[in-house]
Number of protein chains: 2
Amino acid sequence: MKKISILLAEDDPNLGQLLKNYLIAREYDTTLVTDGAQALQVFRKDKYQLCLLDVMMPELDGFTLAKEIRALDPHIPVIFLTAKNLKEDVIEGFKSGADDYLTKPFSMEELLYRIEAILRRASGKQADPPATSYTIGKFTFDVTKQLLTYNDQSRKLTTKESELLELLCRNRNEVLERNFALKSIWIDDNYFNARSMDVYITKLRKYLSRDESVEILNIHGKGYKLLC
Amino acid sequence: MKKISILLAEDDPNLGQLLKNYLIAREYDTTLVTDGAQALQVFRKDKYQLCLLDVMMPELDGFTLAKEIRALDPHIPVIFLTAKNLKEDVIEGFKSGADDYLTKPFSMEELLYRIEAILRRASGKQADPPATSYTIGKFTFDVTKQLLTYNDQSRKLTTKESELLELLCRNRNEVLERNFALKSIWIDDNYFNARSMDVYITKLRKYLSRDESVEILNIHGKGYKLLC
DNA sequence: ACATAGACTTAACGTTCTTTAACAGGTTCA
DNA sequence: TGAACCTGTTAAAGAACGTTAAGTCTATGT
């Protein structure tokens, strides 16, 4: 299956690199540029399936850029990344044809969620959720229904429990880095959110304790690894 | 099929043009005027099916304008565009017969949904409803007739029930954000309206409970997701 | 005008989810 | 070994949500 290609235009080098890494980790073929002019240039050369554009950029702002891009490819999905409380911008953004927008700060989960939603809509197919479910030892984990099942006994997980368990499953038998998980689910990787995550790890361990072969292992200073 | 005609009165040229373009892109036959006097003049000449009026306008303010317009056509739907924190104005606006209002800044999606909802209500008694309907598990939901059907058994939904269910359907298997739903249906996203929305979620869940495969899932702190 | 019914809101109370606090161990490295 | 940091666990606090019932309003018909 061919990878989805994303053009990411973000002038903040830190955020840009961060986003690029996350998207690549999620199997999106991502190209990062740091200003609008460059974005247009790159877009002309190669085709992309989705654009992620920061609104505030030097040389060429996101809105104008979107118009130019739309002139080249009227149907390409565009998502804007915008600073908070710039709702006026949002309006103008929709005019130039954004399919969606995110106000900073946002979590990776949210970004990925919207990307998937838009691609789903763009591909014409209606409905059909990915119906993702994982097998964890003797457990079955239905992500969309947030249901963890063991021998016909089901437990309804909370939103956060479910999000964390999904990340663990996605990276099973390899290290899920703390910061990655925090940025993905909690937006901020500060002290309190880190402690909150610890609490959820404890909860998940308790839920999964019925199957001895399943274990959430801590990798000191790095993160967690789901063994199963 | 003939286009819906909208009279848009907005004195800010940027916003006005923006709105006009967007509405035209959405197949609404839109006329833009930049002050109230002009609006009245144009309205006398041609008939419109909906009015979008800015409250703060030179020459003739939106409220007075609405009264004049209503004198000419008592049943035409009117939506006010108003700056925030002008609650007094809002109240007076409803007295002069607004069907709805939007506080700036607002998103295009919100405006569009409001227009559709109002036109639907206005045309309720007339003929040829577009008959948009959704299939929700074993249910059928006729949006224009506000009818939820299960095995030949139909339940007539109230306006709010219907509007909320429509938003859920439109975003099925995706998160419908609380704030978006509140601003789209209840106008204000304050505490009380949020609680009111909770009540409606309970109602809808009860109506839909006959099909086990259908579920309105809460995403804590974000919104609801209709699974089906 | 009055009564009635239906729709919507507000109130009240209970439950669940998430975060924060508090305390107890662990790991690393100088 | 001891200081600094990281992790495990439980409990409590705070916020969000679920549900039912009572209140308010509006429209409608007599």
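First the proteins, then the strands, lettered A, B, ... as listed; each starts at 1. Just so you know, these numbers come straight off a predicted model, no measurement behind them.
Between dG18(D) and Arg205(B), a contact under 4.0 Å exists linking OP1 or OP2 to a side-chain N or O.
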Identify each atom pair where a protein N or O and an N or O of nucleotides 25-27 of chain D are less than 3.5 Å apart, giving names and distance.
none

Could you write out each protein N or O paired with an N or O of nucleotides 5-8 of chain C at a distance under 3.5 Å?
| residue | atom | partner | partner atom | Å |
| --- | --- | --- | --- | --- |
| dC8(C) | OP1 | Lys160(B) | N | 3.4 |
| dC8(C) | OP2 | Thr158(B) | OG1 | 2.5 |
| dC8(C) | OP2 | Tyr200(B) | OH | 3.4 |
| dC8(C) | O5' | Tyr200(B) | OH | 3.3 |

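Residues in residues 150-206 of chain A take part in these ring pair (Phe, Tyr, Trp, His ring centres under 6.0 Å) pairs, two or more places apart or across chains: Tyr22(A)-Phe180(A), Phe139(A)-Tyr150(A). Listed by first then second residue, pairs satisfying salt bridge (Lys or Arg N to Asp or Glu O under 4.0 Å) with a partner in residues 174-185 of chain A read Arg178(A)-Asp198(A), not counting sequence neighbours.
Under the rule for a side chain to side chain contact (heavy atoms under 4.5 Å, CB included), the partners of Lys156(B) that lie at least two apart in sequence or sit in another chain are Gln146(B), Leu147(B). By the side chain to side chain contact (heavy atoms under 4.5 Å, CB included) test, Val199(A) is found to be paired with Lys203(A), residues two or more places apart in sequence or in another chain being considered. Asp73(B) pairs by the side chain to side chain contact (heavy atoms under 4.5 Å, CB included) definition with Phe43(B), Lys47(B), His75(B), Ile76(B), not counting sequence neighbours. Residues satisfying the side-chain hydrogen bond (donor to acceptor under 3.5 Å, both in side chains) criterion with Glu68(B), sequence neighbours excluded, are absent altogether. A search for side chain to side chain contact (heavy atoms under 4.5 Å, CB included) contacts involving Thr149(B) returns Thr140(B), Ser154(B), not counting sequence neighbours.
Ile185(A) places its CD1 atom 11 Å from the P atom of dT18(C), with the value rounded to the nearest Å. Taking atom CG of residue Leu182(A) and atom P of nucleotide dT19(C), one finds them 11 Å apart after rounding to whole Å.
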Contacts table for residues 212-222 of chain A: side-chain donor-acceptor under 3.5 angstrom, sequence neighbours left out:
| residue | atom | partner | partner atom | Å |
| --- | --- | --- | --- | --- |
| Ser213(A) | OG | Asp211(A) | OD1 | 2.8 |
| Ser213(A) | OG | Asp211(A) | OD2 | 3.4 |
| Asn218(A) | ND2 | Gly223(A) | O | 3.3 |

Exercise answer: donor-acceptor pairs, residues 160-167 of chain B side-chain atoms, under 3.5 Å, sequence neighbours excluded:
| residue | atom | partner | partner atom | Å |
| --- | --- | --- | --- | --- |
| Glu161(B) | OE1 | Thr158(B) | N | 2.8 |
| Glu161(B) | OE2 | Tyr207(B) | OH | 2.8 |
| Glu163(B) | OE2 | Arg121(B) | NH2 | 3.1 |
| Glu166(B) | OE1 | Arg120(B) | NH1 | 3.4 |
| Glu166(B) | OE1 | Arg120(B) | NH2 | 2.9 |
| Glu166(B) | OE2 | Arg170(B) | NH2 | 2.8 |

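The side chain of Phe192(B) sits closest to dA11(C) out of dA11(C), dT10(D), dT7(D).
If you check residues 207-220 of chain A against DNA chain D, the residues with a heavy atom closer than 4.0 Å are Asn218(A), His220(A), listed by number.
Residues Leu148(B) and Leu208(B) are in side-chain contact: their nearest non-hydrogen atoms beyond the backbone lie under 4.5 Å apart.
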